[in-house]
Undergrad: 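For reference, the structure I am asking about is given below.
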Protein chains: 2
Amino acid sequence: MSFRLAKYVPVLDWGRRYDRDALSNDLIAAVIVTIMLIPQSLAYALLAGLPPEAGIYASIVPIVLYAIFGTSRALAVGPVAVVSLMTAAAVGQVAEAGTMGYALAALTLAFLSGAILLAMGVFRLGFLANFLSHPVIAGFITASGILIAASQLKHVLGIGGGGDTLIEVLESLVSHLGQTNPITLAIGISATAFLFWVRKGLKPRLRALGLGPRMADVLTKAGPVAAVLVTTLLTWGLGLTDRGVSVVGEVPQSLPPLTLPSFSPELLKQLLVPAILISVIGFVESISVAQTLAAKKRQRIDPDQELIGLGAANLGAAFTGGYPVTGGFARSVVNFDAGAETPAAGAFTAVGLAIAAVALTPLVYFLPKATLAATIIVAVLSLVDFSILGKTWKYSRADFFAVAATILLTLGFGVETGVSAGVILSIGLHLYKTSRPHVAEVGLVPGTQHFRNINRHKVETDPKILSLRVDESLYFVNARFLEDLVQDRIAQDCPIRHVVLMCTAVNAIDYSALESLEAINTRLKDLGIGFHLSEVKGPVMDRLHKTHFLDDLNGRVFQSQYDAWRSLTGAPRPVPAPSTVAANA
Amino acid sequence: MSFRLAKYVPVLDWGRRYDRDALSNDLIAAVIVTIMLIPQSLAYALLAGLPPEAGIYASIVPIVLYAIFGTSRALAVGPVAVVSLMTAAAVGQVAEAGTMGYALAALTLAFLSGAILLAMGVFRLGFLANFLSHPVIAGFITASGILIAASQLKHVLGIGGGGDTLIEVLESLVSHLGQTNPITLAIGISATAFLFWVRKGLKPRLRALGLGPRMADVLTKAGPVAAVLVTTLLTWGLGLTDRGVSVVGEVPQSLPPLTLPSFSPELLKQLLVPAILISVIGFVESISVAQTLAAKKRQRIDPDQELIGLGAANLGAAFTGGYPVTGGFARSVVNFDAGAETPAAGAFTAVGLAIAAVALTPLVYFLPKATLAATIIVAVLSLVDFSILGKTWKYSRADFFAVAATILLTLGFGVETGVSAGVILSIGLHLYKTSRPHVAEVGLVPGTQHFRNINRHKVETDPKILSLRVDESLYFVNARFLEDLVQDRIAQDCPIRHVVLMCTAVNAIDYSALESLEAINTRLKDLGIGFHLSEVKGPVMDRLHKTHFLDDLNGRVFQSQYDAWRSLTGAPRPVPAPSTVAANA
């Protein structure tokens, strides 16, 4: 019983072995991450259309709950860019930004998302996340990065507006352009330029000045904090709020409040599909980060337990004034690089943020929104990477098509349409590919027992025998293809007396394919043609033995294609030699 | 150019070689089919909720168009049971039965369905029909048969009512039971009993009386005609219409009228999904019949051209007062058995039906609807076959689950929900299966060059070497599975220095899987572990050569698993022997 509990509550496992060394490493990591998270949390709340404190709250309790239930040692859970954008898109459809209904819908979205993740974890449905192919994710993240950056331009310009698609956002920008606030624009552009320089130019310079790589890294990551400090001081000192610079303003000095999501069936129904998409996207992003970091230390990640950890974190966000969260790449890498050893680092980060929420919030009153927008723009533009288009074009046109469609649809119709279309396209293209599998007509390589494609190799054939090797499992999507293929060949080619299906690459035969094989067998039998199988794998053979197929077969099952050839051509048995039977399971 | 045209208009091909023998065979077949089709067409129109003449009209022009564009020599196109039920369900949602709007919606449905089939044919999308697995189709047909039979009971009882699901139909029957007309019931029950007897008992008796099998068959198929004649005469002679027996009534004496479907965007939008489902179901039913009959004579069916033929037939139905049509099983088999040689038999049938439409319609005035209902009930109950449940249970639980869900959902929520759920479930279960492929850890069978599953065979292994054979193509759905698997084994097992992936069953590697292999390679490299591939197939290797993967690989690609073993264990090279390289394409 205690063993089982520890499986679902990993803290019981690592908690028992926690020691002073781990504690000091975790504490140092927590301090570094806390400093980085304060501006980031405020910025992502702004992106989600929520009050700034929602970003801080969403980083406190969720981190602690993930530390208890999650399996990654270094993952840092909280608001992230793409999920914040998806939240804005989803909640914006049911409520007006800035209203109580908007915040309530965000809590409800976190609640639904948490419930979905938890259910997926309990029912071990983590594999559902695999339906998102890598290129689709890459395309989606790239398009989201562009959408996010575009959506933040209004804060840099100091104007109003909105929109869920690139065209809407740009139209809104153009129509509001006349209201641009020059001082806001100056702050926004300087902050953006500074942050780009920090990211690209500062680190090599610090290294050239003789700083160690780790110190240089930490200073680079502190860039946004510097931008926040400088622009806040300037805005306060020069009284720029009177000149129209929009600032964060009053943020309540409080621990995360106890909140309740809405349980209105109408609202839950409206938010269900967005919640599913947010859950899956969040899970995929989180698990990729967790896997990458765990691999570096030969640690294990349990995907189904990760779902439970993320589910608990989102439920936590729903009841403490937050919004949907997931494991973020940037913060997790900082956490890992700063030396976090256990999830306790996350818990200490939570304490740090709680102190900030109570004590430091008055300090951000004069923080310009333009600065926060600049930190978002610089962060998300690093996600934009069109190289996936070139790579997939070179490697696989189907993947290219899926990624191009995902990017275009995300930009043109918003995040939900984009990611849904990407999933449907990936699955459809995969099914299409397997619906027309590679089939080779094979013949004997002279002097050997090997059979190769007659179009690629010089091989022996016999006009009486048609030997086909299907390079795919047989299942409903390609079952009829095989029927058509055999029928076409038989209709064209009268001397054929035997058809041999070489099954080296057939890993499974489903019921539809079984029926197709039966149909092929019946038709060939009516024409007086033999139908044989060769090199059938163990598990496939086990299954065929449960049916009448082998009894009704108008031919034989040969262990090797060479046996089939010898028997059907009547060739003499050669001197014994290792046979070419494929490896059975 | 003329060659290309003949491809799309097969009549140009067989028409050139048409002779007197073929003509006389086709004429005989046409007479037999025409007699059988008259009651069947009236009955299916009743099932679709349309006036009786719609069934006749739907059999005339569509047959001719299919004869011009279709590739099957024996397929008879017209109204069929399942498509009639689907038409009733779809049109019933947008209009009241018996109104002008209802007939217009049926024309529009035929138009949409024709356009969809035509588009699928032109864009060679016939493979989409493969997404319906055989068990799902079997379950759907069985459930539809039950629904259709239940929906006809009201005509046997002589009462009103309706409903799209089994529960609705039964509830409606029970609530109207008090209105039962005893004479109608007597006619309905006698006709049903007679038709069942004809089907089961008559043929053996005729054979015992010394009739040839073909004559016995034709007489048996004429059973419905006999039932129609007798009950019509009785109803007319005894004046049963005055006693409340519902009859077909006045049918216009006319050739098919020229009609126009509606092009209202609202209606087109409402009917789009039903039209897609009807097209796909109709196509699947039709192509199965066509393939079965063509195979008996070593003829070819071109599935994409069949789409064009069926599309033209449905467009024809839309403009001549019909409703959606497809290739029917019963009528096609009769056509084939009666000796039809070319699609001209269909054209002659059309002439026969046109004569009937002009000259014979007054004769069906007194035909009781109960008789038509009886012919439908007896015809569709032969479609009901629950054995698919037992067969799939024994062979494959995934297939069983898909078929059981299809049956229950079709009965409980109607045809559209049932068939959609069946498709989604089949695809989902297939993806689930391939998302957790069979992976065997393999070792060397002593004294051979073969590698087998260490759990099934006594094999040699080396603690330094982990050899994995994945029995599935690698693609996005299972890419992460492999990452997890390798990571788990490495985390558990410290002495491992080399990981070898044996790719005998890997027919493809998509971009996601490539990235997963890169991730595995990077992680293993960081840990100082070699990563090797063996027995990679030709087409897969061709594709890998387009990338940097092979350059970055922290290990080698071995032609055979045995080469890998020899090289990594440092075993001496044995005396030359045929290698165990898998067949490359």
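Letters A, B, ... are given to chains in the order of the sequence lines, protein chains preceding strands, and every chain is numbered from 1. Nothing here was measured: the structure is a model prediction, and the numbers come from that model.
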Undergrad: Could you look at B:Tyr475 and say if it's the side chain, the backbone, both or neither that has a heavy atom under 4.5 Å from chain A?
TA: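 The side chain, not the backbone.
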Undergrad: Kindly compute the distance separating CD (A:Glu472) from CD (B:Glu472), expressed to the nearest 0.5 Å.
TA: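 Rounded to the nearest 0.5 Å, the CD-CD separation comes out at 7.5 Å.
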Undergrad: Select one option (side chain, backbone, both, neither) describing which atoms of B:Ser426 are under 4.5 Å from chain A's heavy atoms.
TA: both
Undergrad: B:Phe476 vs A:His430 aromatic rings, parallel, tilted or perpendicular, using cut-offs 30° and 60°?
TA: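 Answer is perpendicular, since the angle exceeds 60°.
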Undergrad: Examine whether an atom of B:Pro437 lies under 4.5 Å from a heavy atom of chain A, and if so say whether it belongs to the side chain, the backbone or both; otherwise answer neither.
TA: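 Nothing of B:Pro437, per the 4.5 Å heavy-atom cut-off to chain A.
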Undergrad: Would you confirm whether B:Asp471, through its side chain, and A:Asn507, through its main-chain N or O, come within 3.5 Å as a donor-acceptor pair?
TA: no
Undergrad: What part of B:Ala505 gets within 4.5 angstrom of chain A, counting heavy atoms only: side chain, backbone, both, or neither?
TA: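 Both backbone and side chain.
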Undergrad: Need one label for A:Arg523: side chain, backbone, both or neither, based on atoms under 4.5 Å from any heavy atom in chain B.
TA: side chain
Undergrad: Name the option with the most non-hydrogen atom pairs under 4.5 Å to chain A; the candidates are B:Val136, B:Leu431, B:Thr522.
TA: B:Leu431
Undergrad: Tell me, for A:Leu429 versus chain B, whether the close heavy atoms (under 4.5 Å) come from the side chain, the backbone, both or neither.
TA: neither
Undergrad: Quick check on B:Ile388 against chain A: is it the side chain, the backbone, both or neither that has a heavy atom closer than 4.5 Å?
TA: side chain
Undergrad: Calculate, to the nearest 0.5 Å, the distance between atoms CG and OG1 belonging to A:Leu514 and B:Thr392 respectively.
TA: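 Rounded to the nearest 0.5 Å, the CG-OG1 separation comes to 11.0 Å.
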Undergrad: What's the separation between atom NZ in B:Lys537 and atom OG1 in A:Thr504, rounded to the nearest 0.5 Å?
TA: 5.5 Å
Undergrad: With heavy-atom distances below 4.5 Å as the criterion, would you say the side chains of B:Arg480 and A:Ser288 are in contact?
TA: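 B:Arg480 reaches A:Ser288 side chain to side chain.
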Undergrad: With a 4.5 angstrom heavy-atom cut-off, which part of B:Ser516 approaches chain A: side chain, backbone, both or neither?
TA: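 For B:Ser516, backbone and side chain are both near chain A.
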Undergrad: Please report the closest heavy-atom contact between B:Tyr395 and A:Asp510, naming both atoms and the distance.
TA: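 Residues B:Tyr395 and A:Asp510, closest heavy atoms: CE2-C, 3.6 Å.
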Undergrad: With chain B, which of A:Asp526, A:Thr547, A:Leu544, A:Leu527 has the greatest number of heavy-atom pairs at distances under 4.5 Å?
TA: A:Leu527
Undergrad: Under a 4.5 Å heavy-atom cut-off, does chain A meet the side chain of B:Asp399, its backbone, both or neither?
TA: side chain
Undergrad: Can you say whether A:Ser396 sits under 4.5 Å from chain B via the side chain, the backbone, both, or neither, judging by heavy atoms?
TA: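 Contact with chain B is through both the backbone and side chain of A:Ser396.
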Undergrad: Which heavy atom of B:Ser512 sits nearest to which heavy atom of A:His134, and what is that distance?
TA: OG-N, 2.8 Å
Undergrad: Can you tell which part of B:Lys391 gets under 4.5 Å to a heavy atom of chain A, answering side chain, backbone, both or neither?
TA: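 Both the backbone and the side chain of B:Lys391 come within 4.5 Å of chain A.
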Undergrad: Between B:Tyr432 and chain A, which part of the residue has a heavy atom less than 4.5 Å away: side chain, backbone, both or neither?
TA: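 For B:Tyr432, the contact with chain A is made by backbone and side chain together.
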Undergrad: Let me know if B:Ile509 has heavy atoms under 4.5 Å from chain A in its side chain, its backbone, both or neither.
TA: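 It is both, since atoms from each part get that close.
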